[in-house]
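First up is the structure itself, then whatever we jot down about it.
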Amino acid sequence: MDTEAHLIINQQEIYALLFQSYPDVVNIAEMCEMLGGISSKTAYKLLQENQISHFKIGRTYKIPKVNILLYLNIFTFERPHYDALVH
């Protein structure tokens with residue numbers, strides 16, 4: 001099996017295992033839990049700054065779970081970068 005195919009399989013396995021109790025599209029409260037209990041104010045700020053891709057239905061934010069994993073650098077091959085969120 002070539003390396004790239006192996007990495008794709010690993011990413012699919014990671015997606016299946018991480019946050020498996022959450023639906024594929026989450027709301028603000030679920031996103032806050034997934035990100036370690038951040039405040040809803042911080043969550044809204046992340047979304048408004050487009051740091052996490054999302055969409056809105058009416059006034060309700062909907063966040064695909066895969067976008068949260070991308071934000072957490074789960075699917076990148078670079079070393080994760082950790083910065084504090086500036087308020």
Tyr22: what forms a side-chain hydrogen bond (donor to acceptor under 3.5 Å, both in side chains) with it, not counting sequence neighbours?
Glu33
Got a second to check how far Leu46's CG is from Ile68's CD1, nearest 0.5 Å?
10.0 Å
Using 0.5 Å steps for rounding, measure from the CG atom of Asn27 to the OG atom of Ser40.
11.0 Å
How far apart are the C-alpha atoms of Lys65 and Glu30, what are their side-chain angles, what is the distance that settles it, and do they pass the side-chain contact (heavy atoms from CB on, under 4.5 Å) test?
CA-CA 10 Å; Lys65 180 167 57 174; Glu30 291 165 326; over 6 Å; no
Nearest 0.5 Å, please: how far is OH in Tyr44 from OG in Ser39?
11.0 Å
Distance-only donor-acceptor pairs under 3.5 Å for side chains of residues 54-64, two or more places apart:
from	atom 1	to	atom 2	distance (Å)
His54	ND1	Ile52	O	2.9

Single-linkage hydrophobic cluster, 4.5 Å side-chain cutoff, Leu69 and Ile38 together:
yes
Path from Val26 to Leu18 over hydrophobic side-chain contacts below 4.5 Å:
yes
How would you list, by chain and number, every residue that makes a side-chain hydrogen bond (donor to acceptor under 3.5 Å, both in side chains) with Asp24, sequence neighbours excluded?
Tyr15
Do Met31 and Leu47 pass the side-chain contact (heavy atoms from CB on, under 4.5 Å) test, and can you show the C-alpha distance, the side-chain angles, and the key distance before you say yes or no?
CA-CA 11 Å; Met31 183 181 93; Leu47 297 176; 4.1 Å; yes
Please lay out, stage by stage, how Leu35 and Thr42 fare under the test side-chain contact (heavy atoms from CB on, under 4.5 Å).
CA-CA 10 Å; Leu35 294 177; Thr42 301; over 6 Å; no
Closest non-hydrogen atoms of Ala43 and Ile28, given as atom of the first, atom of the second and distance, are CB-CG2, 4.2 Å
Kindly compute the distance separating NZ (Lys41) from SG (Cys32), expressed to the nearest 0.5 Å.
13.0 Å
